[in-house]
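Comments concern the structure below.
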Amino acid sequence: MKIRKNIVCYYDNRAASYGTPTVPRSFGTTNCTHYVYDGVGVTAQGDLRILSSYDTTSGFDEFQSIRRTNTAAKLYVLLVSDRDGGKNLTNAIAGRSEKLVNNIAIFLEQYNFDGVEIDRRTSSRDEFDKSALARFVNRLRSRLYMINRQLAVSVSAQFTDAYDITSLSLYADLINLHAYNFTTTSTVNTLANLAPLYSSTPNNVVSVNSTVTSWLVAGARKNKLNLVLATYARTYTLASEDQRAVGARGTGPGEAGPNTKRAGILARYEICNQLGEYGAVSDAVTATTYFFKGRSWISIETEDTLVQKLTYVLDNALAGVGVFTLDLDDGDNTCGTGAYRISQLAYEYFTSG
C-alpha cells in the first residue's frame, strides 16, 4: 500500500554501544520512507569526520541492509550530530564550503547513501550566518544533482528568523522541523511538556502549532516540511513533590536510564511499563500528558497525543513526519503495543483512506 506522506526515521549510532544495543538490522520490519544515520562530523577545514569506529566496521553496512526489506526507502546520513556540535560546520560553511560540498558528494558515493541531511538545529538565533547557510545549500544542491543524491536540512522549530526559509524551501528536498523540547538554557530546570501541540498561557507559549505556523508564514513549503516527533521521555527531578505543574521549578534532569545512561532522557522501553505506577495529568488545550511519582517528573508522547499530531500533519497538508529516534522507541515490543510503535502508527495513518 502506498504511503501518502514521508516517514523520516533517525538512528543514533550511540545505540550500538548500549548494554542492550539497537543496530540497523533490526529495522527490517519498519515502514519508513527515509532513514537517517546519525552521525558524521565535520572539521572546520571542510573534511568529514567519522565519529565512531562502529560506523565503518559494520554500522554503515548494516544500515544498507534496510534496502533488502524496504526497497523504496531512501538512506541519508546526518552531517553533524549533537555530539560534534555545530561550530566546526559553521566555520566550514563560511570558509571551506566548496571543499565541504565535494567531500560530502564523495562520501555519499563511497558509502552508498541516497542523500545527506545537514543538521542546523540551534538554541540561538545567532549561532550561524543564515545567508552563508543559504549559499551553501544552493551550492550543495547543484553538486548533489550531478550525482543523483538528495538533500535534507534539520532545523529548530522556534527560530524562524535564524534561517533563510525561502532558500531552504527552494533547494532542500526535505526540511525536518524538530518541534519538541522548546526549553532554552535559561529555562532548563523549568518543568515543560516535551511537545505541546497548541499554546496556552502562561506556561506553554511556544508549541508545535505556533512554530509550524511561523515557518509556513515565513515561506516554508508544506510539501517539504516534515514534523519531527520525539520518541523519548523528557525527565526532571522536582524541587518539591507538591510543586509539579508545568512551569514549576526542578533541580535538574531525571536519573539516567539503565540502558541509555543519559540523564534527563529515557527511551520508551525504559519507562513505559512503569508509568502505571505514576500519577498522570492530561491537558486537552495543549494536547499533552505528564507523569509524576515522588520527585520524578516525566513528559512523553502518549498514543493519544501522537494521533493528534499525525492528524495535524494530515489536516495541514504537511509533507509528513520524522521519528527521532528509532533506537529510543520500543524496538522489542517491551511495552506490548508493537515494535517501533511510533513509526508504525504513522504508517497506519498515512496509508489509510
Within 6.0 angstrom of [X] [atom1], more than 12 heavy atoms from elsewhere:
{"X": "Arg25", "atom1": "CZ", "result": "no"}
{"X": "Glu109", "atom1": "CD", "result": "yes"}
{"X": "Asp315", "atom1": "CG", "result": "yes"}
{"X": "Lys87", "atom1": "NZ", "result": "no"}
{"X": "Asp332", "atom1": "CG", "result": "no"}
{"X": "Gln243", "atom1": "CD", "result": "no"}

Salt-bridge criterion met for [X] and [Y] (N-O under 4.0 Å):
{"X": "Lys130", "Y": "Asp164", "result": "no"}
{"X": "Lys309", "Y": "Glu301", "result": "yes"}
{"X": "Asp114", "Y": "Arg67", "result": "yes"}

State whether the side chain of [X] and the backbone N or O of [Y] hold a donor-acceptor pair below 3.5 Å, judged by distance alone.
{"X": "Lys5", "Y": "Leu318", "answer": "yes"}
{"X": "Thr213", "Y": "Asn209", "answer": "yes"}
{"X": "Asp12", "Y": "Ala15", "answer": "no"}
{"X": "Asp129", "Y": "Ser131", "answer": "yes"}
{"X": "Asp329", "Y": "Arg341", "answer": "yes"}
{"X": "Ser65", "Y": "Glu62", "answer": "yes"}
{"X": "Ser154", "Y": "Arg121", "answer": "no"}
{"X": "Arg268", "Y": "Thr231", "answer": "yes"}
{"X": "Ser142", "Y": "Asn138", "answer": "yes"}
{"X": "Ser296", "Y": "Phe292", "answer": "no"}

Would Arg14 and Thr22 count as a side-chain hydrogen bond (donor to acceptor under 3.5 Å, both in side chains) if you check the C-alpha gap in whole Å, the side-chain angles of each, and the deciding distance to 0.1 Å? CA-CA 9 Å; Arg14 279 177 291 190; Thr22 300; over 6 Å; no
Partner of Tyr312 by side chain to side chain contact (heavy atoms under 4.5 Å, CB included), out of Leu310, Asn316, Leu314: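 With Tyr312 as partner, side chain to side chain contact (heavy atoms under 4.5 Å, CB included) holds for just one option, Asn316.
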Show the numbers, then the answer: is there a side-chain contact (heavy atoms from CB on, under 4.5 Å) between Ile7 and Cys9? CA-CA 6 Å; Ile7 305 174; Cys9 295; 3.8 Å; yes
Looking at [atom1] of [X] and [atom2] of [Y], how far apart are the two atoms once the value is rounded to the nearest 0.5 Å?
{"X": "Leu140", "Y": "Ile93", "atom1": "CG", "atom2": "CD1", "value": "9.0 Å"}
{"X": "Ser26", "Y": "Asp327", "atom1": "OG", "atom2": "CG", "value": "9.0 Å"}
{"X": "Leu79", "Y": "Ile104", "atom1": "CG", "atom2": "CD1", "value": "5.0 Å"}

What heavy-atom pair brings [X] and [Y] nearest, and what distance separates the two atoms?
{"X": "Tyr111", "Y": "Gln64", "value": "O-NE2, 3.0 Å"}
{"X": "Gly320", "Y": "Asn226", "value": "N-OD1, 3.1 Å"}
{"X": "Arg96", "Y": "Ala44", "value": "CG-O, 3.7 Å"}
{"X": "Leu194", "Y": "Ala230", "value": "CD2-CB, 3.7 Å"}
{"X": "Phe182", "Y": "Ala157", "value": "CE2-CB, 4.2 Å"}
{"X": "Val42", "Y": "Leu100", "value": "CG2-CD1, 3.5 Å"}

Does the ring centre of [Y] sit less than 6.0 Å away from the ring centre of [X]?
{"X": "Phe291", "Y": "Trp297", "result": "no"}
{"X": "Tyr10", "Y": "His34", "result": "no"}
{"X": "Tyr145", "Y": "Tyr171", "result": "no"}

Which pairs, with at least one residue in [range] and sequence neighbours excluded, count as a disulfide bond (SG atoms under 2.5 Å apart)?
{"range": "residues 134-169", "value": "none"}
{"range": "residues 278-340", "value": "Cys272-Cys335"}
{"range": "residues 86-137", "value": "none"}
{"range": "residues 122-174", "value": "none"}

So, Tyr236 versus Thr251: side-chain donor-acceptor pair below 3.5 Å or not?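 Their side chains do not contain a donor-acceptor pair, so the 3.5 Å distance test is not met.
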According to salt bridge (charged side-chain N to carboxylate O under 4.0 Å, His left out), who are the partners of Arg135, at least two apart in sequence or on a separate chain?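 For Arg135 there are no salt bridge (charged side-chain N to carboxylate O under 4.0 Å, His left out) partners, ignoring immediate neighbours.
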Beyond-backbone contact of Ile265 with Thr235, side-chain heavy atoms, under 4.5 angstrom: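 Ile265 does not reach Thr235 side chain to side chain.
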Side chains of Leu345 and Val307, heavy atoms from C-beta outward: is any pair under 4.5 Å?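 They are in side-chain contact.
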Cation-pi, Phe113 ring and Arg149 (6.0 angstrom, 45 degrees):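 Not satisfied by the 6.0 Å and 45° rule.
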Measure from NZ or CZ of Arg4 to the centre of the six-membered ring of Phe350 and say whether it is under 6.0 Å with the direction within 45° of the ring axis.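 Not satisfied by the 6.0 Å and 45° rule.
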Kindly write out the residues that satisfy side-chain contact (heavy atoms from CB on, under 4.5 Å) with Ile50, not counting sequence neighbours, or none if the list is empty.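 Result, side-chain contact (heavy atoms from CB on, under 4.5 Å) vs Ile50: Asp55, Thr56, Phe60, Phe107.
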Start with the C-alpha gap between Asn259 and Glu270, add the side-chain angles, then the distance that decides, and say whether side-chain hydrogen bond (donor to acceptor under 3.5 Å, both in side chains) holds. CA-CA 8 Å; Asn259 195 46; Glu270 291 179 312; 5.2 Å; no
For Asn189 and Arg249: C-alpha separation, side-chain torsions, deciding distance, then whether side-chain hydrogen bond (donor to acceptor under 3.5 Å, both in side chains) applies. CA-CA 6 Å; Asn189 287 332; Arg249 296 295 296 172; over 6 Å; no
Any idea how Tyr35 and Phe27 line up, ring-wise: parallel (<30°), tilted (30 to 60°), or perpendicular (>60°)?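 Geometry flag for Phe27 against Tyr35: parallel rings.
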I'd like to know if Val137 and Leu177 are part of one continuous hydrophobic network [Ile/Leu/Val/Met/Phe/Trp/Tyr, side-chain heavy atoms within less than 4.5 Å].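 Linked, Leu177 and Val137 end up in one cluster.
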Assess whether side-chain hydrogen bond (donor to acceptor under 3.5 Å, both in side chains) is satisfied between Thr286 and Asp283, documenting all intermediate values. CA-CA 6 Å; Thr286 57; Asp283 178 27; 2.7 Å; yes
Start with the C-alpha distance between Tyr163 and Leu133, add both sets of side-chain angles, then the distance that settles side-chain contact (heavy atoms from CB on, under 4.5 Å), and finish with yes or no. CA-CA 8 Å; Tyr163 307 93; Leu133 175 62; 4.2 Å; yes
I need the single residue from Thr305, Thr288, Thr289 that forms a side chain to side chain donor-acceptor pair (under 3.5 Å) with Asn193. Which is it?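 Only match with Asn193 under side chain to side chain donor-acceptor pair (under 3.5 Å): Thr288.
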Please determine whether side-chain contact (heavy atoms from CB on, under 4.5 Å) holds for the pair Thr30 and Tyr347, giving the CA-CA distance in whole Å, both sets of side-chain angles, and the decisive distance to 0.1 Å. CA-CA 9 Å; Thr30 57; Tyr347 176 78; over 6 Å; no
